[in-house]
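Predicted model, so just to flag it, every value in this text is computed and none were measured. A note on names: the letters A, B, ... follow the listed sequences, proteins ahead of strands, and every chain is numbered from 1.
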Amino acid sequence: MPFLDIDNVTKSYGNVEVLHRVDIGVEEGEFLVLVGPSGCGKSTLLNMIAGLENITGGTISIKDRVVNDVHPSKRNIAMVFQSYALYPNMTVGQNITFGMEMHGIPKPEREQKLAEVAKLLQIEQLLARKPGQLSGGQRQRVAMGRALVRDPDVFLFDEPLSNLDAKLRVDMRTEIKKLHQRLKSTIVYVTHDQIEALTLSTRIAVMNKGYVQQLGTPKEVYDTPANMFVASFMGSPSMNLLPATLREANGGLAAELTGAEGQQIMLNLSQNGPNLRSYLGKPVILGIRPEAITDADGVDRNAKNTQALRNMVHVTEPAGSDTFVETSLSGKACIARMRADVDVHAGQPFDFVVNMDKAVVFDPETEDRIVD
Amino acid sequence: MSGGAQDQAIRTGRVTRTFIYVVLIFFALFYLLPFFIMLINSIKPLPEITGGNMMALPTDPTIEPWKSAWSTAQIGVEATGLKPYFMNSILMVVPAVAISTILGALNGYILTKWRFRGDNLIFGLLLFSCFIPFQIVLIPMAMVLGKIGLAGSLTGLILVHVVYGIGFGTLYFRNYYAAFPTELVRAAMMDGAGFFRIFWRIMLPVSGPIAVVCIIWQFTNIWNDFLFGVSFGGLDAQPVTVALNNLVQSSTGVREYNVHFAAAILAALPTLLVYIVAGRYFVRGLMAGSVKG
Ligand SMILES: Nc1ncnc2c1ncn2[C@@H]1O[C@H](COP(=O)(O)OP(=O)(O)OP(=O)(O)O)[C@@H](O)[C@H]1O
Ligand SMILES: [Mg+2]
């Protein structure tokens, strides 16, 4: 049984079911990120693990103990809230030690742990201040400190970085990652930022409308998205989803698309399983990440199946380290991500190279990825 | 051109402001005048009042009327002055205010942070109690006090005031706590704090402004109450308001107006004091509740 086991859990408010049969097992030391658009039920699930919301159906267990009816204070869980929820009337030091005090830990031990955590988070000089006298990043650190001193079984984070400015968010992201690598704690982390999800997690649960769409490592979720929702939600700019028709070509399968000038384009697929074969002659959706479409020099050395494609360039957007190039395929805008100094001009045709190793195919009806 | 328009704007501003101040000063005087008259007459010897002008300043000021009002004036049948009744009032008002404020805070805490089925209905009923006129409850209350053996006692009076005060106390604290972030309560829960510890350690320390509002409100109401005092106070537990009435109404001998004035000021002094000490928090607390809640 996993360390934290979310088994067939549902949640309803009245007649409205907002979480449907969620099944997630989290192993000890894992960093699970729940990611999804606003209103998909991430916070609800987190609050159910914490015990702040009732569980309508299913069970949640921690360390083989079913906690459905265990009060939040008895679950040995620590939580970092989106608003940080620091007690305004207490100093930073008191904020951090409050939990230990409630658990009857003697004062000398509290002081010692406070000193340790303050050093770890570099907030030693702030201990006597009130939360109102701290910056956003400092508050965030205090909130983490409050969770860390408790030494809980599971840490829960509800969008802890969403109140910070862009730069601080990146810094704190790195710090959280380092902290996890050092402490090897079990973490469930909620965010709607897919980059945060990809960088922090050991596994990601992508959620939408109360369903877990996919549960997997960042690489699995990114390279082999379970459906078109996951494909477009994870990654920025998001995956190009291009209508195509499946054809037989050179003994394998190929996707037939239309270029910007109406020319026919055939892209040979690496995939050739029976499942995909059954779509022969039928419409499919071809998914290609922007970074899989480059110029000839930018091709991944290890790519086995690369194909050239000449097409009209509509727009180029230099973005510092990369240049984004927009063309169109099968009537849809298609973004390519290229080196910054690539020689490409809007309004002229360009020789693109597509890394078809990274291409995936979806069923246009069910929107699920076609496996095999 | 634009300069001229600006000048005009400033002039109108000045005129408006002067007007506002004149009106404000007028009303301030209007309200302070009676108090001023009471004050000057309370330090005049009696003949100066009966034989002279109420508005005139005292020619021969004396504090005898105050002494008499406090300790020797005839109240009912005994010449005790207001002193024992003043004590009664304090013994009544302190516990009544304390208990009703604490209960109001607890109710507000439960109604906002420990929501349960039907909580809004209960809040509605509590609110309703704020608007029930005193007269309606007099007879049922008298019967209840009689049944539980608290008729004519201070404890009975305290009970009545607490019951009446809970409605307003709850209203104040509920609205204040509604603006208090629930995440703090949740965080404390995760930290292992229980119901009372969260109340004591997290909620109460930030309740200062609203507690002041509640205390001033309850204090003024309970101290100034006459109807409950005269109905349930019996002979032993009469509050100062009832004693003041008895003093003024006593028909024997000459009417000592100067003593009456002094007694009236004495009886009003505590509420005045509470306002002076805590008044600025009162406004602040009211604002906090209204803006955020
Ligand atoms: N008390 C409630 N009563 C009814 N519906 C609720 C209640 N609380 C939440 N919901 C619904 O449950 C769904 C999930 O809410 P939740 O707060 O978990 O979303 P979220 O994924 O955390 O979104 P966000 O990223 O905006 O925080 C939403 O559709 C919301 O409207
Ligand atoms: Mg949320």
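Interface remark: A/N76 contributes no atoms to any contact with chain B (heavy atom separation under 4.5 Å). When heavy atoms are compared at a cutoff of 4.5 Å, B/R197 approaches chain A solely by way of its side chain, counted from C-beta outward. For chain B, the nearby part of A/M90 is the side chain; its heavy atoms alone come within less than 4.5 Å.
Distance check, rounded to the nearest 0.5 Å: CD of B/E183 to OG of A/S83 gives 3.5 Å. Distance check, rounded to the nearest 0.5 Å: CG of B/L184 to CG of A/L86 gives 8.0 Å. Atoms CE and CE, on B/M189 and A/M102 in that order, are 13.5 Å from each other to the nearest 0.5 Å.
Other residues, nucleotides and ligands place no more than 12 heavy atoms under 6.0 Å from the CG atom of A/N54. No more than 12 heavy atoms of other residues, nucleotides or ligands lie within 6.0 Å of CH2 in B/W200, so this atom counts as exposed by the packing criterion. Other residues, nucleotides and ligands contribute more than 12 heavy atoms inside 6.0 Å of the CZ atom of B/F116. Sparse packing is recorded around NZ of A/K63, with 12 or fewer heavy atoms of other residues, nucleotides or ligands lying under 6.0 Å away.
Taking all atoms of both residues into account, the shortest heavy-atom contact from A/F98 to B/A188 is CE2-CB, 4.2 Å. Closest approach of A/I77 to B/M190, counting heavy atoms only: CG2-CE, 3.2 Å.
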(message) For a side chain to side chain contact (heavy atoms under 4.5 Å, CB included) check, start with the C-alpha distance between B/R201 and A/N89, then their side-chain angles and the critical distance, and finish with the verdict.
(response) CA-CA 9 Å; B/R201 296 286 301 273; A/N89 55 309; over 6 Å; no
(request) Take A/Y87 and B/D191 through the test side chain to side chain contact (heavy atoms under 4.5 Å, CB included) and record every step on the way to the result. (result) CA-CA 12 Å; A/Y87 312 125; B/D191 267 344; 2.8 Å; yes
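Most heavy-atom pairs under 4.5 Å with chain B: of the set A/M79, A/R150, A/H71, this distinction falls to A/R150.
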